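Please read the structure below before turning to the comments.
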Amino acid sequence: MKNFVFKNATEIIFGKNSERFIGSKVKKYADKILFCYGGGSIKKSGLYDRVVDSLKENEVEFIELSGIKPNPRLEPVREGIKLCRENNIKFVLSVGGGSAADTAKAIAVGVPYEGDVWDFFIGKAKVKEALPIGVIITLPATGTESSNNSVIMNEEGWLKKGIATGYIRPTFSIMNPELTFTLPAYQTACGAADIMAHIMERYFTNIKNVDLTDRLCEAAMKTIINNVEIVLKDPENYDARAEIMWTGTIAHNDLLSTGRIGDWASHQIEHELSGQNDIAHGAGLAIIFPAWMKYVYTHDINRFVQFAVRVWNVELAYTSYEDIALEGIKKTKEFFQKIGLPVTLKEGNIDESKIEEMADKCTNNGTQRVGQFVKLNKEDVINILNLAK
Ligand code: NZQ
Ligand code: ZN
């Protein structure tokens with residue numbers, strides 16, 4: 001196990017009706033806030049009205065930034081920064097999915113910075129401060145409710161890039177599984193794939209003697225596998241929704257990374273898929289992850305055997321370790337298929353003629369490698385994308 005520092009200061013307020021505390025929670029930080037949300041799901045579900053009522057009851061003024069799209073764009077971030085500055089706003093609240101939260105996070109780092117916020121995403125500047133952020137999350141997927149990441153898309157060049165800094169971990173996140181009852185099956189499945197991917201990125205590591213975090217990862221993956229099929233059949237099953245929601249947070253709050261080094265190549269490759277083709281991040285991961293696994297499994301066949309046996313219950317009586325490892329990969333792909341996700345570029349309507357372009361972007365024109373478990377160059381990325389056809 002490697003040395004590590006673990007600090008995740010986000011306060012989690014979890015459970016039925018937890019959003020009713022929003023006004024009093026926010027009031028501790030500010031009297032006036034920016035309120036970010038997406039394309040209207042929170043209005044349809046009635047959550048918007050409950051949030052507004054609670055803010056008003058607690059005499060919190062708010063300015064709205066609405067219409068944030070999936071694969072959130074840079075322009076609303078710049079608009080939000082302007083609104084905060086013009087109105088002397090010192091707190092950002094996001095209500096909705098990861099795209100609204102990531103927009104809020106990017107605004108939070110942009111307000112105190114004199115240059116253009118995109119500088120942080122291209123490594124031209126380092127985050128040194130940020131406004132505090134609060135989140136009500138309605139889609140278990142990204143783990144953004146307590147992660148140190150924000151991922152934003154710049155339409156100029158269709159560049160989807162992320163930042164990672166402790167300054168953007170939300171001060172609090174409100175998580176009510178009932179708020180996820182309205183999720184369409186496809187978004188539920190995309191969320192499950194993203195959660196699985198966050199765990200698998202950490203699971204496939206070269207660090208030895210990480211038994212506790214291996215077992216935690218396996219438990220988290222099994223929880224998703226067991227519960228996603230329940231909610232797809234019974235969307236208002238509170239207990240199953242709650243299991244998925246909490247696992248989504250645990251998957252990406254860095255607990256499962258303690259003492260180990262994760263891979264993250266599949267995420268980097270996927271960001272090119274959703275950046276170029278505007279598909280859901282979870283769907284892109286369902287396409288890339290099984291292809292990545294097929295490409296790298298021989299690097300540490302024992303780890304893939306452990307994954308197959310412990311996560312997918314593959315019997316050790318198969319003829320060879322290789323067969324067991326491959327069976328685990330097959331079961332991963334079948335799981336994504338079964339929950340209704342695309343598992344090939346074709347099924348995801350990804351333009352195959354852009355494979356080289358995506359590999360170029362992902363590796364900074366072939367100058368950088370991606371991933372840690374196996375460090376991949378541009379040719380490797382092209383091979384993985386070809387395997388995903
Ligand atoms: O926009 P609205 O109307 O709210 O509808 C959204 C959107 O259409 C809808 N939705 C959300 N909650 C709902 C709901 N519909 C009905 N009922 C509900 N309860 O779902 C659609 C997708 O929402 P979005 O916020 O885009 O999805 P998600 O939470 O999966 O976020 C994806 C983004 O996060 C990034 C991804 O790359 C992608 O851009 N990621 C962020 C990470 C982080 N900050 O830590 C890590 C991840 O790996 C990921 O890269
Ligand atoms: Zn992800």
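A quick note: this is a predicted structure, and the numbers were derived from the prediction, not measured. Values below: all heavy atoms of this structure, side chains included; hydrogens, waters and symmetry mates excluded. Note that ligands are numbered from 1 as they come in the structure, with each ligand's atoms numbered from 1 the same way.
Nearest protein heavy-atom contact of atom 17 (N) of ligand 1 is T182 OG1, 2.8 Å. The single protein non-hydrogen atom nearest to atom 7 (C) of ligand 1 is P70 CG, 3.9 Å, given as residue, atom name and distance. With hydrogens left out, the protein atom closest to atom 35 (C) of ligand 1 is D102 OD2, 3.8 Å, a heavy atom. The protein non-hydrogen atom at the shortest distance from atom 45 (O) of ligand 1 is S147 OG, 2.8 Å. The protein atom (non-hydrogen) at minimum distance from atom 23 (O) of ligand 1 is L139 CD2, 3.6 Å. Looking from atom 2 (P) of ligand 1 to the surrounding protein, the closest heavy atom is G39 N, 3.3 Å. Looking at atom 42 (C) of ligand 1, its nearest protein heavy atom turns out to be T142 CB, 3.8 Å. The single protein non-hydrogen atom nearest to atom 11 (C) of ligand 1 is T138 OG1, 3.7 Å, given as residue, atom name and distance.
Ligand 1 has at least one atom lying under 4.0 Å from a heavy atom of L183. Distances shorter than 4.0 angstrom do not occur between any heavy atom of M153 and any atom of ligand 1. Within the 4.0 Å heavy-atom cutoff, K44 does not count among the residues contacting ligand 1.
The atoms of ligand 1 that sit less than 4.0 Å from any heavy atom of H267 are 48 (O). Using a 4.0 Å cut-off to heavy atoms of H252, the atoms of ligand 1 that qualify are 45 (O), 46 (C). Per-residue contacts place S41 under 4.0 angstrom from the following atoms of ligand 1 (heavy atoms of the residue considered): 2 (P), 3 (O), 4 (O), 5 (O), 10 (N), 13 (C), 14 (C), 15 (N), 16 (C). The atoms of ligand 1 that sit less than 4.0 Å from any heavy atom of L179 are 19 (N). Using a 4.0 Å cut-off to heavy atoms of P72, the atoms of ligand 1 that qualify are 39 (O).
Taking backbone and side-chain atoms together, H252 has no N/O/S atom less than 2.8 Å away from the Zn ion (ligand 2).
A salt bridge links D214 with R303: the closest approach of a Lys/Arg side-chain nitrogen to an acidic carboxylate oxygen falls below 4.0 angstrom. The existence of a salt bridge linking R78 and E75 is confirmed by a sub-4.0 Å separation between a basic side-chain nitrogen and an acidic carboxylate oxygen. Between E272 and K354 there is no salt bridge, since no side-chain N of the basic residue sits under 4.0 Å from a carboxylate O of the acidic one.
Backbone and side-chain nitrogen or oxygen atoms of T144 are examined, and one is located within less than 3.5 angstrom of a nitrogen or oxygen of ligand 1. Geometrically, ligand 1 and A100 share no nitrogen or oxygen pair separated by less than 3.5 Å. In terms of polar-atom proximity, G98 is counted as a contact of ligand 1, with an N or O under 3.5 Å from an N or O of the ligand.
With respect to D254, the salt bridge (Lys or Arg N to Asp or Glu O under 4.0 Å) criterion is satisfied by exactly one of R260, K7, R169: R169.
Expressed to the nearest 10°, the angle at the Zn ion (ligand 2) joining NE2 in H281 with OD1 in D194 is 90°.
Counted by atom type alone, N176 and E178 present one or more donor-acceptor pairs between their side chains at under 3.5 Å. Under 3.5 Å, the side chains of H299 and N206 contain a donor-acceptor pair of N or O atoms.
The option with the heavy atom closest to atom 39 (O) of ligand 1, from among E178, K160, H281, is K160. One option in P140, S99, S146, G40 has a heavy atom closer to atom 26 (O) of ligand 1 than any other, and that option is S99.
The 12-atom threshold is exceeded at NZ of K25, counting heavy atoms of other residues, nucleotides or ligands nearer than 6.0 Å.
Nearest heavy atoms, D278 versus M153: OD1-CE, 4.3 Å. Minimum interatomic distance between C190 and A283 (heavy atoms only, all atoms of both residues): SG-N, 3.9 Å. Heavy-atom minimum distance, I133 versus A104: CG2-CB, 4.3 Å.
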